[in-house]
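Structure first, commentary second.
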Amino acid sequence: MPKPFPLMVLTPEREFYSGSAVYVGVNTIAGSIGVLADHVPMVSALDVGTLVIEPDEGTRRTAFHSEGFIEVRPDGVYILAQACEWPEEIDEKRALEAEERAKERISHPDEELNLTTMAHSKVALMRAMTRRRIKSMSTTDTK
Ligand code: ATP
């Protein structure tokens, strides 16, 4: 039996998840990581990606996460992200429109577009594409 640990996932708007888990996975700027109980303490910056939570053995839920941080502490795992959404919360049309806007900005940069705004457009594109990918995957998936 995998050992449970306390998991808290917070966004500026809400407590996305608060409870026990046996596994959590996220995409950090250095690649994807999976955390089990008794993981070595660490802090890492989050990229845009897929949040995988296993509340208990045999149950797996997948969600979208935006940029932020993960902190693994001896007393639990803390995830702070700009945004998190379960697949059923993702508005597909909004993501498609955001994707189109970002692609348009990237392919037709106007004179005022500098490197920072280009980088913002690329991250916005990643958010939109990742939301659409997670939406198209199954919702409450069990192993
Ligand atoms: P948009 O340009 O459509 O606002 P965005 O990627 O800039 O997209 P975020 O800054 O990541 O949006 O999120 C702002 C808020 O809107 C958050 O609360 C986030 O959960 C929500 N949100 C953004 N896009 C969607 C979506 N497609 N479906 C559901 N909620 C979304």
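Residue numbers count from 1 along this sequence. Start at 1 and go down the list; that is how both ligands and their atoms are numbered.
By heavy-atom distance, the residue among E89, R131, H65, E99 lying nearest atom 29 (C) of ligand 1 is E89. When the heavy-atom distances from atom 24 (N) of ligand 1 to R94, M126, R127, K135 are ranked, the shortest goes to R94.
R131 and I90 get closest at one heavy-atom pair: O-CD1, 3.6 Å. Nearest heavy-atom pair, C84 versus T11, reported as atom, atom and distance to 0.1 Å: N-CG2, 3.7 Å.
Shortest contact from atom 19 (C) of ligand 1 to any protein heavy atom: E85 OE2, 3.1 Å. With respect to atom 18 (O) of ligand 1, the closest heavy atom belonging to the protein is E13 OE1, 2.6 Å.
Residues Y17 and V22 do not share a hydrophobic cluster, clusters being chains of Ile/Leu/Val/Met/Phe/Trp/Tyr side chains in contact below 4.5 Å. When hydrophobic clusters are built by joining Ile, Leu, Val, Met, Phe, Trp and Tyr residues whose side-chain heavy atoms come closer than 4.5 Å, directly or via intermediates, F16 is grouped together with L46.
The atoms of ligand 1 that sit less than 4.0 Å from any heavy atom of D91 are 26 (C), 27 (N), 28 (N), 29 (C). The atoms of ligand 1 that sit less than 4.0 Å from any heavy atom of I90 are 28 (N), 29 (C).
Ligand 1 is never approached by Q82 to a heavy-atom distance shorter than 4.0 Å.
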Working note: E85 + I134, criterion side chain to side chain contact (heavy atoms under 4.5 Å, CB included); need CA distance, chi angles, decisive distance, verdict. CA-CA 9 Å; E85 294 127 35; I134 290 168; over 6 Å; no

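Looking at ligand 1, you'll find an N or O of R101 within less than 3.5 Å of one of its N or O atoms.
Under the salt bridge (Lys or Arg N to Asp or Glu O under 4.0 Å) test applied with R132, the options E92, E97, E99 reduce to a single match, E99.
At a heavy-atom cutoff of 4.0 Å, ligand 1 is contacted by no atom of E92, backbone or side chain.
For the pair V35/L7, no side-chain contact is recorded, criterion being any heavy-atom separation below 4.5 Å from C-beta on.
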